[in-house]
K.L.:
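One structure is given below, represented as structure tokens, and several questions about it will come after.
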Amino acid sequence: MSGGTLVHLEHRGPVAVVTLDNPPVNAMGAAVRVALKAALDAAMADPAVDAAVLTGAGKHFSGGADIREFGAPPVDGPTLVGIINAVETMPKPVVAAIHGTATGGALELALACAHRIATEDAELGLPEVTLGFVPGAGGTQRLPRLVGVPRALDMILTGRRVSGAEAQAIGLVDETAPAAQLLDAAVALAMRAAGGAVRRTCDLPVPATPADVFTRAEADLAKTARGRVAPGAALECVRQATTMPFAEGLKAEREAFLGLVRGPESTALRHVFFAEREAQKVPDLGAGAVSSNIRRVGVVGFGTMGAGIAISFAAAGYQVAVVDETAEALERGLARVRSTFEEARQKGRISEEECAARIARVSAGTDYGAFADADLVVEAAFEEMDIKHAVFAKLDAVCRPDAILATNTSSLDVNVIAAATRHPARVLGLHFFSPANIMKLVEVVRPQQVAPEILAVCLDVVKRIGKVGVVVGVCDGFVGNRMLFAYRRQADFLLEEGALPAQVDRVLRDFGMAMGPFQTGDLAGLDISWRIRKRLAATRPKELRYSPIADRLCEMGRLGQKTGAGWYRYEKGSRTPVPDPEVDALVKSVSAELGFTRREISDEEIIDRCMGALVNEGALILEEGLAARPSDIDVIWVHGYGFPRHRGGPMHWADHAGLVRLLDTVDAMHASQGPLVRPSALLRRLALDGGRFADLAKSGGAKEKA
């Protein structure tokens with residue numbers, strides 16, 4: 001074996017084996033490309049070599065290009081596009097031997113090879129649209145030639161990965177082989193291909209395409225890619241594969257890629273991509289690897305939230321014991337567990353055996369003794385402090401001293417809850433979002449006395465169950481809900497001043513939010529936030545402006561979708577919100593009662609006030625040290641509250657929307673609403689100094705600088 005440390009060149013008889021070796025995923029950054037080109041050139045120039053095999057060391061073929069290079073100034077040396085085009089025209093056949101992942105530029109490289117072989121469990125995909133651009137190295141031109149336009153659109157427009165087995169079935173790879181025999185099989189395939197005409201993907205015709213395939217794809221994108229640019233551009237590139245010569249299609253694809261990769265959508269999506277990874281780095285926990293010994297998990301409460309938490313852990317392989325007070329609650333919870341996993345089986349997402357195993361992992365009863373051997377217990381009981389205290393006192397009595405105790409509270413003080421135990425160092429918050437088995441976000445709430453290793457273990461566990469964990473400090477509502485309160489308050493005030501629920505929801509959906517605030521309230525249940533407002537009523541200063549509209553709805557029994565009426569009404573069996581004249585009349589009546597003269601509210605004012613309040617509250621949270629970095633807030637809002645991923649989260653969006661304009665909006669709200677809107681000193685400093693929230697990550701945070 002010879003070559004540099006990033007790419008190895010080995011000879012197996014007349015076959016040169018070129019191996020990418022850049023852990024952890026063999027990303028093809030500039031240095032790797034230099035070494036790869038040198039190895040391929042050496043193989044092609046060697047008269048003793050008849051063919052080549054390209055593969056990856058470790059667990060993966062390659063994760064593709066180094067995303068950190070996107071949008072950065074170009075570097076000297078060979079480009080990935082140049083290498084891929086060269087591979088396709090090499091005089092000797094090159095075989096891609098794929099295991100683990102081959103995504104993005106790595107799959108584009110494999111597409112340019114004469115042949116492909118993969119393990120059955122390999123994952124192949126072109127995820128570029130999920131990062132706001134199109135495949136830029138021939139993916140939209142070569143993939144349709146191998147698998148046809150409908151299958152190519154399915155993969156390219158969604159970023160969906162296919163297994164090696166599926167790849168063989170659709171013609172993306174020629175053969176599959178067990179992992180232990182992959183390289184031998186690839187060498188054998190290369191030797192069979194040697195000496196004959198090299199099969200070049202660019203020379204293949206695009207298979208006959210159904211006449212309506214692009215029309216149907218456009219209709220689907222109108223529903224699934226609202227506000228997005230990249231998916232439509234990718235569709236157009238695939239269309240050009242059917243209408244242009246290959247070389248022209250490549251040129252058009254590259255132009256589309258370069259235009260998009262520098263644009264706001266890609267910048268935002270790449271920001272979220274890196275922010276999700278950065279959120280796992282908690283400054284004072286150290287960088288050491290965490291080995292979690294969590295095996296058995298307890299859940300207190302088998303309602304909607306408790307069942308969703310139990311499902312999440314059982315799906316990830318944990319043994320789960322659930323305790324609730326009544327047989328009826330246990331029966332309903334177990335039924336939901338069974339129906340969730342059965343539905344996954346019916347849709348082909350899990351096998352019959354896995355379905356049965358997941359159901360069997362969940363046990364239920366009324367005796368807290370079931371938690372005696374639990375490693376972690378998550379409390380998901382009623383949102384009242386007295387109830388939480390009673391639950392944690394019981395847990396403290398029956399659980400092992402080293403067991404971790406977590407509360408799922410969405411707003412209560414975790415320090416006070418921890419004080420109900422003898423070992424507060426093992427108590428923290430794990431705030432799941434509903435439905436817990438669907439929503440990816442978990443706020444990992446850090447009370448004052450929790451041990452750092454407990455926090456680290458829980459971050460690891462959250463990741464193991466497929467969630468995105470973000471560490472936050474203790475305050476009313478933590479990070480996400482505290483910001484939501486500020487956002488919702490402006491939406492409520494806009495109703496009093498002249499807007500109606502349907503207008504506010506429409507404007508914020510058009511902005512890109514998954515749902516408007518009033519639709520969201522109906523989905524979650526209006527009684528939940530009503531209960532919180534009633535708890536806080538005793539301490540709310542009477543002189544502060546307060547909107548009673550939501551309380552009036554609850555008093556009328558309109559609690560949202562579960563009662564068939566909330567801010568909207570819902571036909572039986574339907575979740576589609578229907579504007580209700582009764583609600584509009586209530587809004588106008590409260591406006592008059594409070595002395596407001598209703599006026600026309602512009603769409604722009606709705607965005608400015610709702611987003612201004614959201615960003616300002618985020619800045620206050622950063623000042624107080626309740627979030628480690630602005631990007632953590634972005635992750636929370638993208639994954640927990642439906643903030644449009646292609647806008648990067650509220651703090652990233654604010655940098656690009658203009659902090660001066662947002663500060664002006666916040667100052668105006670403060671002037672009219674008083675202390676309800678407290679302008680952030682951090683926001684003011686950044687706006688007046690020409691700074692950005694993004695700069696805080698580089699300078700070490702905001703708390704000491706506000």
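All figures in this text were calculated on a predicted structure; none of them were measured in a lab.
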K.L.:
I'd like to know whether CD of Glu352 has more than 12 heavy-atom contacts from other residues, nucleotides or ligands below 6.0 angstrom.
P.N.:
no
K.L.:
Going by distance alone, is a donor N or O of one side chain under 3.5 Å from an acceptor N or O of the other, for Glu278 and Ser631?
P.N.:
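Checked: Glu278/Ser631 side chains show no N/O donor-acceptor pair below 3.5 Å.
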K.L.:
Considering only distance and modelled atom types, tabulate donor-acceptor pairs under 3.5 Å from the side chains of residues 189-199, sequence neighbours left out.
P.N.:
from   : atom 1 : to     : atom 2 : distance (Å)
Arg192 : NH2    : Glu175 : OE2    : 2.6

K.L.:
May I ask you to say whether Asp184 pairs ionically with Arg12, meaning some side-chain N is under 4.0 Å from a carboxylate O?
P.N.:
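Yes, Asp184 and Arg12 are salt-bridged.
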K.L.:
Is it true that Glu166 and Arg160 have a side-chain N and a carboxylate O under 4.0 angstrom from each other?
P.N.:
yes
K.L.:
State which residue, out of Arg645, His639, His271, fulfils the side chain to side chain donor-acceptor pair (under 3.5 Å) condition with Asp634.
P.N.:
His271
K.L.:
For the atom pair CZ (Phe61) and OG1 (Thr19), what is the distance rounded to the nearest 0.5 Å?
P.N.:
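Output value for this atom pair is 10.0 Å.
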K.L.:
May I ask you to test the Glu265-Leu260 pair for a side-chain heavy-atom distance under 4.5 Å?
P.N.:
no
K.L.:
Tell me if the CZ atom of Arg277 is crowded by more than 12 foreign heavy atoms within 6.0 Å.
P.N.:
yes
K.L.:
Take Asp121 and Thr119 through the test side-chain hydrogen bond (donor to acceptor under 3.5 Å, both in side chains) and record every step on the way to the result.
P.N.:
CA-CA 5 Å; Asp121 62 352; Thr119 60; 3.0 Å; yes
K.L.:
Are Arg216 and Asp220 within salt-bridge range, i.e. N to O under 4.0 Å?
P.N.:
no
K.L.:
Return a table of donor-acceptor pairs under 3.5 angstrom between the side chains of residues 49-60 and protein atoms on other chains or two or more places apart.
P.N.:
from  : atom 1 : to     : atom 2 : distance (Å)
Thr55 : OG1    : Ala97  : O      : 3.0
His60 : ND1    : Thr101 : N      : 3.2
His60 : ND1    : Thr101 : OG1    : 3.0

K.L.:
May I ask you to decide whether Arg361 forms a salt bridge with Glu354, counting only side-chain N to carboxylate O separations under 4.0 Å?
P.N.:
yes
K.L.:
Assess whether salt bridge (Lys or Arg N to Asp or Glu O under 4.0 Å) is satisfied between Glu342 and Arg345, documenting all intermediate values.
P.N.:
CA-CA 5 Å; Glu342 284 290 348; Arg345 179 191 62 79; 2.9 Å; yes
K.L.:
Would you give the length of the straight line joining atom CG of Leu131 to atom CD1 of Ile67, rounded to the nearest 0.5 angstrom?
P.N.:
5.0 Å
K.L.:
Answer with yes or no whether the side chains of Ser266 and Arg270 bring together a donor and an acceptor at under 3.5 Å.
P.N.:
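Side-chain D/A pair, Arg270 to Ser266: present.
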K.L.:
Going by an N to O cut-off under 4.0 Å, is there a salt bridge joining Glu236 and Arg239?
P.N.:
yes
